[in-house]
Amino acid sequence: MLTFDDLWELLTTQDESQQIEVKQGSEVGKSSWETISAFANEPGMGGGYLILGIQSPGDSPTGKYEISGVDDPDKIQLDLTSQCNTVFNIPLRPQIQLETKNGKTVVIAYIPEVSPIGKPVYISSRGLPKGAFRRISSADIKCTDQDIELFYQERQNQSYDTTLVSEATLSDLDPHAIHAYRQAREKLNPSASELTYNDQDLLYSLNAITRHPQNSQAYCPTVAGLILFGKAIALRRYFPMHRIDYILISGTEWVSDPDERYQVVAEMREPLLLAVPRLTALVINDLPKSFHLDERAFEKPHSQ
């Protein structure tokens, strides 16, 4: 997420753009909804920044962008979060921060691009196509029937596991998991061509990382990349429900003792490439190695 200083420099040197929209209003109005929909929908853009508390050149006496501030930034934050959760057909999760300059506070909301399976994002009360927007240059353009068709086509062309996680970086990937993949691949096929790649090229060839939409020189992990190779702290942050519980059940009934239903042997929050071998080893270690049958149980009863 860019800082306010970075955004301000872009705004004053390049004007509003495809990824930056400013509004003077001290409340989240319907025009903000359209911008949020456009940022969430525009393919390949990665999202955009909505800044509240900035006076545009057309309204400013100086003819330049001016920081006017908002009267109640806490209320703006609450309203923006609440409306992103309820106004649209799917809940949106903006990243919001406050910045104070010259005693005036502005609200900065980063609206991430939604994955293809979630598009189109539209204002529920307006329906489709009237409630859906795209970001073309610095304008929010109402979607046409062709745009809606494009969104539905993208759903079929991109699976969820290849969706990028734009907030994550390559530092969120565990080198031990990458090494584990290399070892497993070499064991299966020692001459596999991808074994000659460096780590970045290897991950890119596996669709574990992809180019960042806002910076073609940078990479960010995909959903599959994080689940397979992600560090435990990254998995907890981005996928808090990602966890493997290894449970032992005593007896042949699921709940033989309500007070001691089962024994949790291990709770794993690791990349799958490290968790699966560990889980396999645990299961093998808990399997009975031998058993004994009483020979007398197979004796025929003596005839009377």
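- For the residue pair D145 and P129, the shortest heavy atom distance occurs at OD1-CG, 3.7 Å.
- Between E21 and F39 there is a side-chain heavy-atom pair separated by less than 4.5 Å.
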Full working for side-chain contact (heavy atoms from CB on, under 4.5 Å) between V107 and I96: CA-CA 7 Å; V107 177; I96 304 174; 3.8 Å; yes

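- Here D174 pairs with nothing under the salt bridge (Lys or Arg N to Asp or Glu O under 4.0 Å) rule; sequence neighbours left out.
- When atom types are taken as modelled, the side chain of N285 and the backbone of L282 share no donor-acceptor pair closer than 3.5 angstrom.
- Under a cutoff of 6.0 Å and an axis angle of 45°, R211 and Y204 form a cation-pi pair.
- In I244, the CD1 atom is crowded: over 12 heavy atoms of neighbouring residues, nucleotides or ligands sit closer than 6.0 Å.
- The shortest distance between side-chain heavy atoms of D15 and S138 does not fall below 4.5 Å.
- The two residues R93 and N85 make their nearest non-hydrogen contact at NH1-OD1, 2.9 Å.
- Between L173 and I209 the shortest side-chain heavy-atom distance falls below 4.5 Å.
- Contact record, S32 with K23: OG-CD, 3.3 Å, taken as the closest heavy-atom pair.
- The main-chain N or O of N207 is found under 3.5 Å from a side-chain atom of T222 such that the two form a donor-acceptor pair.
- For K119 and D147, the salt-bridge test fails: no basic side-chain N is under 4.0 Å from an acidic carboxylate O.
- Remark: side-chain polar atoms of N89 are paired, donor with acceptor, to backbone N or O of Y122 under 3.5 angstrom.
- Note: F229 and Y181 have perpendicular aromatic rings, judged against thresholds of 30 and 60 degrees for the angle between ring planes.
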Derivation of the side-chain contact (heavy atoms from CB on, under 4.5 Å) call for I20 and L7: CA-CA 8 Å; I20 302 176; L7 293 169; 3.9 Å; yes

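- Under the 4.5 Å side-chain heavy-atom criterion for Ile, Leu, Val, Met, Phe, Trp and Tyr, I117 and V165 are members of the same hydrophobic cluster.
- Contact of the T35 side chain with the R135 side chain is registered, since non-hydrogen atoms from C-beta on lie closer than 4.5 Å.
- Using a 4.5 Å heavy-atom threshold, the side chains of I123 and F88 count as touching.
- Sparse packing is recorded around CD of E9, with 12 or fewer heavy atoms of other residues, nucleotides or ligands lying under 6.0 Å away.
- Rounding to the nearest 0.5 Å gives a distance of 8.0 Å between CD1 of I67 and NZ of K104.
- The salt bridge (Lys or Arg N to Asp or Glu O under 4.0 Å) test applied to D79 returns K75, not counting sequence neighbours.
- When atom types are taken as modelled, the side chain of T105 and the backbone of E99 share no donor-acceptor pair closer than 3.5 angstrom.
- Note that the CH2 atom of W33 and the CG atom of D140 stand 14.5 Å from one another [nearest 0.5 Å].
- The minimum heavy-atom distance linking V28 with I76 is given by the pair CG2-O, 4.1 Å.
- Using a 4.5 Å heavy-atom cutoff, the side chains of Y65 and S56 are in contact.
- The distance from the CG atom of N102 to the CD atom of E66 is 10.0 Å, given to the nearest 0.5 Å.
- At least one donor-acceptor pair closer than 3.5 Å links the side chain of N198 to the backbone N or O of Q200.
- Side chains of N41 and V114 form no contact here, defined as non-hydrogen atoms less than 4.5 Å apart.
- The hydrophobic clustering, which links ILVMFWY residues whose side-chain heavy atoms are closer than 4.5 Å, places L274 and L226 apart.
- At distances below 3.5 Å, not a single donor-acceptor pair connects side-chain atoms of R269 with backbone N or O atoms of I233.
- Checked by atom type and distance alone, the side chain of T81 pairs as donor or acceptor with a backbone atom of Q77 at under 3.5 Å.
- Using a 4.0 Å cut-off between charged nitrogen and carboxylate oxygen, K142 and E34 do not count as a salt-bridge pair.
- Heavy atoms of other residues, nucleotides or ligands lying less than 6.0 angstrom from CZ of R236 number 12 at most.
- Contact record, A132 with P120: CB-CB, 4.4 Å, taken as the closest heavy-atom pair.
- Between E186 and L195 there is a side-chain heavy-atom pair separated by less than 4.5 Å.
- Considering NZ of K231 and OH of Y238, their distance stands at 11.5 Å, rounded to 0.5 Å.
- For the pair S37 (side chain) and V121 (backbone), a donor-acceptor distance under 3.5 Å is present.
- The hydrophobic cluster containing L150 does not contain I90, counting ILVMFWY residues as joined when their side-chain heavy atoms lie under 4.5 angstrom apart, directly or transitively.
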Would S205 and L202 count as a side-chain contact (heavy atoms from CB on, under 4.5 Å) if you check the C-alpha gap in whole Å, the side-chain angles of each, and the deciding distance to 0.1 Å? CA-CA 5 Å; S205 70; L202 173 65; 4.3 Å; yes

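- With salt bridges taken as basic N to acidic carboxylate O contacts below 4.0 Å, none links R237 and E167.
- Separating the CE atom in M45 from the CD atom in Q18 is a distance of 5.0 Å, to the nearest 0.5 Å.
- No donor-acceptor pair closer than 3.5 Å links the side chain of D199 to the backbone N or O of H179.
- Considering CD1 of I148 and CZ of R134, their distance stands at 9.5 Å, rounded to 0.5 Å.
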Go through I51 and W8 one step at a time and tell me if the side-chain contact (heavy atoms from CB on, under 4.5 Å) criterion holds. CA-CA 10 Å; I51 310 176; W8 182 253; over 6 Å; no

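- Taking every heavy atom of both residues into account, P94 and P112 meet most closely at CA-CD, 4.5 Å.
- Although no hydrogens or angles enter the test, the distance criterion places a donor-acceptor pair under 3.5 Å between the side chain of E113 and the main chain of G46.
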